[in-house]
Amino acid sequence: MQRLKTNNFSLQHSLECGQAFRWEKKQNGFYYGLISNTPIKIKQEGNGLIFDSYKNKINTAHIKNYFALDLNLNEILSSIGKDANIARAATKYPGMRILRQEPWETLASYIIATFSNIPRIKKCINALSQKFGNEIEFDGMQFFTFPTIDALAECREKHLKLCALGYRSAYLLKTARMLRKKIENESFDLNSLKKLPYADAKSALLKFPGVGEKVADCALLFSLDFMQAFPVDVWVKRVMQEMYFSNKPISNRKIIEFAQGHFGKYAGYAQEYLFHYRRNHVL
DNA sequence: CTTAGGCCTCGCTT
DNA sequence: AAAGCGAGGCCTA
């Protein structure tokens, strides 16, 4: 068991705000999940984190990176906190941070999430992992790593469909195959997108089937360190229309444009606070 | 460039 | 119980 002191961080809010799909809280108070394909259990006591991982593979540096503890949340909040809406949402979920997840898993997960709902998304991802990932036993339980690009690229669409992906299975399969080809030809890595300007990284992602603006922005924000990415789903659209456009219908394009101008370089953080706030409260 | 319809299924509500 | 509805969008026309 390892320990790590944190500042201005809430494990619960960060794991339960809907950005990650695989964490599960058990009776013993620990959240169980995987970081870097390694099973881990973690809980918070006060401002300290207590965690234990498979073969002790996860160290405090991994934790700091995954939970973005290197960023100064107060600075981020004052940067996006231009109005009362943000202030209200941020007060409601103190310590909520945007995680740094794995790019491939994030991209694939949000392709799957398209036009779906959370229980179903979780079910699909777990089914995929069970079928095409590796099994690892930890703390008396079975864990399955998220399938690699190769593992999915090599499978048949009918097997993907068994995971209840519906029409998304074709998108996921094609994306995996395109990625594999890219990697073979030019030793490409999704992580390399981090070095590009936001617009370039986004247009690179938009080339993959099943990846539109929303999915691309999710991958950019949740796994590639683009804090200005502002994914607009039905909830964000709803809350933005209500809070900033006096309930008038407005295009996603305009919302993104407005948000990135209004909230600035950490617009993605504003998105996550507003999203979570709106999902849990009726205004 | 913008807009409308279809879409695999599942989860949740009548 | 069975059926209808809406779902954390994308693609195509």
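Each chain gets a letter, A, B and so on, in the order its sequence line appears, and its residues count up from 1.
In this structure, A/Leu221 atom CG and C/dG8 atom P are separated by 18 Å, rounded to whole Å. The distance between atom CE of A/Met240 and atom C1' of C/dG8, rounded to the nearest whole Å, is 16 Å. When the C1' atom of C/dG4 is taken as reference, atom CG of A/Asn117 falls 15 Å away, rounded to whole Å. The distance between atom NZ of A/Lys237 and atom P of C/dG6, rounded to the nearest whole Å, is 17 Å. As rounded to whole Å, 15 Å separates atom C1' of C/dG8 from atom CG of A/Leu274. Remark: P of B/dC7 and CD1 of A/Ile112 are 22 Å apart, rounded to the nearest angstrom. Computed from coordinates, the A/Leu162 CG to B/dT9 P distance equals 10 Å when rounded to whole Å. Atom CG in A/Leu173 sits roughly 16 Å away from atom C1' in B/dC8 (whole-Å rounding).
Between the side chain of A/Glu16 and the main chain of A/Leu11, no donor-acceptor pair closer than 3.5 Å is present. At distances below 3.5 Å, not a single donor-acceptor pair connects side-chain atoms of A/Glu135 with backbone N or O atoms of A/Gln130. Not one N or O on the side chain of A/Ser53 forms a donor-acceptor pair closer than 3.5 Å with the backbone of A/Ile40.
With C/dG9, B/dC8, C/dG8 as the choices, the nucleotide that has an atom nearest any side-chain atom of A/Arg168 turns out to be B/dC8. Distances from the side chain of A/Val215 to the nucleotides B/dC7, C/dC10, C/dG8 place C/dC10 closest. Comparing atom distances between the A/Thr114 side chain and each of B/dT9, C/dG8, C/dG9 picks out C/dG9 as nearest. Listed candidates were C/dC11, C/dG9, B/dT9. Nearest to the side chain of A/Tyr171 is C/dC11.
The only option from A/Arg3, A/Lys41, A/Gln44 that meets the side chain to side chain contact (heavy atoms under 4.5 Å, CB included) definition with A/Ile50 turns out to be A/Arg3. Between A/Arg180 and the options A/Thr175, A/Thr148, A/Asp150, A/Leu152, a side chain to side chain contact (heavy atoms under 4.5 Å, CB included) holds for only A/Asp150.
Of the two residues near DNA chain B, A/Pro119 and A/Phe115, the one whose nearest nucleotide lies more 5' is A/Phe115. Sequence order on DNA chain C of the closest nucleotides to A/Pro209 and A/Ser116 puts A/Ser116 first from the 5' end. Residues A/Phe208 and A/Cys218 both approach DNA chain C. Their nearest nucleotides, taken by heavy-atom distance, put A/Cys218 toward the 5′ side.
The phosphate of C/dA7 (OP1 or OP2) has a side-chain N or O of A/Arg238 nearer than 4.0 angstrom. In terms of phosphate contacts, A/Lys161 brings no side-chain nitrogen or oxygen within less than 4.0 Å of OP1 or OP2 of B/dC8.
At a threshold of 4.0 angstrom between heavy atoms, the contacts of A/Pro231 with the nucleic acid are absent. Within 4.0 Å of A/Ile121, counting heavy atoms only, lies no atom of the nucleic acid at all. Nucleic acid contact for A/Arg253: none, since no nucleic acid atom lies under 4.0 Å from a heavy atom of the residue. Within the 4.0 angstrom heavy-atom criterion, no nucleotide atom of any strand lies near A/Val236.
Separating the P atom of B/dT3 from that of C/dG8 is a span of 24 Å, rounded to the nearest Å.
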(message) Please determine whether ring-ring contact (aromatic ring centres under 6.0 Å, His included) holds for the pair A/Tyr110 and A/Phe21, giving the CA-CA distance in whole Å, both sets of side-chain angles, and the decisive distance to 0.1 Å.
(response) CA-CA 10 Å; A/Tyr110 281 94; A/Phe21 298 110; 5.2 Å; yes
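Residues A/Tyr244 and A/His262 place their aromatic rings such that the two centres sit under 6.0 Å apart.
A/Gln2 and A/Asn56 form a side-chain donor-acceptor contact under 3.5 Å, judged by distance and modelled atom types alone.
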(message) Could you spell out the base pairing of DNA chain B as a dot-bracket line? Use Watson-Crick and G-U wobble contacts where both distances are under 3.5 Å, [ ] for crossing pairs, | for partners on a different strand.
(response) ..|||||.||||||
